Amino acid sequence: MNDAVAAAWTKLHALDRPTLAQLFTDPGRLDALSARLDLPGGAVRFDWSKTHLDSAAIAAFEALAAAVDFSGKRAAMFAGDAINVTEGRAVEHTAQRGLGNPDSVELAELFHARMASLVRVIHAGALGEIKHLIHIGIGGSALGPALAIDALTRDGAMVDVHVVSNIDGVALEAAFKACDPATTLIAVASKTFTTTETMTNAASALAWLTEGGVADPYGRVVALTANPDKAVEWGVDETRVLPFSESVGGRYSLWSSIGFPVALAVGWEEFAEFLDGAAAMDRHFLETDGAANLPLRAAFADLYYARLRGCQTRAVFAYDERLRLFPDYLQQLEMESNGKAVKADGSPVDGPTAPITWGGVGTDAQHAVFQLLHQGTNLVPVDFIASIAPGDELDPAHHRNLLANCFAQGAALMAGKPGSDPARAYPGDRPSATILCEDINAATLGALIAFHEHRTFAGGVLMEINSFDQFGVELGKEIAKSILGGGATFDASTEALLAEAGIK
Ligand code: F6P
């Protein structure tokens, strides 16, 4: 840790700890900690006033950001420098949205043009009648598409998409039952085109097409990958391989050809709006300094709770059924990016890194897990995400009630309620942030996802870690391979489990 970073942390650890009630005696607090961004899909309000950030904390975090050269690192990411140092790669998901190294932006536009024309010819019937798409991918090759399709196709989709990730055949069988091989296209989505789950499912999907009477099953496969040679070697015709750049990380790849199922479901024009929404957030993140930069401000709060208040988890509740998969998506983004114990230079981190991200959908979660948030012994910072415009056409009472509940939870967590009966008392002073969108549409969703990508990156920079590798997932994969390969021996417990299951 350099001296400036050490000095910033000393200041942060020495901060006073006023309660939220005390902080709200400042009449300027709401204006200082909440902001409304005009974005292509409508305005979005980001309200961080119910967190414990105050001017002293923000000044100390801004000093930390300067000490770790946040602006320089942000510029390096947008310039296409190899900031993923452990893998020697650039980090160029923003180039997919039109911001970044001009060569990378140009390449992304070329790849998008290829993807757009394939989407259009499929819609026009060039591959025959296509009613269903089985999208096979896992992790970043599945979670983003699943979220976007679930959020944006509530009024129907141009093609019925089933996202299948798990190697458990139960998942793929369910998709087979819902589709007709005669009218189904398969997308094999894998950055590496080597992932066991995806390649196993892809082989079974080919067999299903063949058994279903499809004469040329490979003719019904589209590959979405940064390893096009491998896809061609596997059997996909080059004309149906949609490549993307190696510098787009798996969990940041929704904007690349991994977004193909989204574009097929909603149409290219709406997919382009999704990219535009993300680009607007990119511009805000790139052009705004200090705590006025909303993803950076959110990262300050995240770090405040993880490092200064010992919070081991953070919860995200979407008060909108359309965003029910948002917590799942965020889990990979945040935990795979920032769940690290060493800095980018290999030295141990100076404190806790990513908390465990969890969450759910409101109001369901109120009747299941909110007891712990209000009265439990864990302090959990909560994010609420909601939309002013309803996603349904029923009696407006539904949506008014939904929003009233969302805002009530934030108010209740903060205010608490004293009482003579300890079982019925609420301690209060529990933090939350609220993201209130004018509407949920493709552009807003793009902006929301990009906000979280940048928040995650900013957190990684402040903690001096590399948010873009994921070596922690490798050991388990290696052991699974050696189990299946035979010959290796393991601990007594594992051996007994393998024997009982008949695997060894
Ligand atoms: O195992 C983790 C991981 O590498 C993720 O980072 C990635 O999103 C996922 O596997 C799938 O990888 P691929 O797109 O190469 O199949």
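As the structure lists them, so they are numbered: ligands from 1, and atoms in each ligand from 1. Model, not experiment: these values are computed from the prediction.
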4.5 Å side-chain heavy-atom contact, V361 and F317: no

If you count the atoms of ligand 1 from 1 in the order shown, which ones are under 4.0 Å from a heavy atom of [X]?
| X | value |
| --- | --- |
| T195 | 12 (O), 13 (P), 15 (O), 16 (O) |
| T192 | 13 (P), 15 (O), 16 (O) |
| V473 | 1 (O), 2 (C) |
| S141 | 14 (O) |
| Q470 | 6 (O) |

Using the ring centroid of each side chain, check whether [X] and [Y] are separated by less than 6.0 Å.
| X | Y | answer |
| --- | --- | --- |
| F46 | F451 | yes |
| H452 | F326 | yes |
| W255 | F274 | yes |

Have a look at [options] and point out the one with the heavy atom closest to [atom].
| atom | options | result |
| --- | --- | --- |
| atom 6 (O) of ligand 1 | R251, E336, Q332 | E336 |
| atom 8 (O) of ligand 1 | G250, G472, G140 | G140 |
| atom 10 (O) of ligand 1 | K477, E197, K191 | K477 |

Donor-acceptor side-chain pairing of N227 and T192 below 3.5 angstrom: no

Under-4.0 Å salt bridge between D383 and R455: yes

Identity and separation of the nearest protein heavy atom to atom 9 (C) of ligand 1: I138 O, 3.7 Å

More than 12 heavy atoms of other groups within 6.0 Å of E246 CD: yes

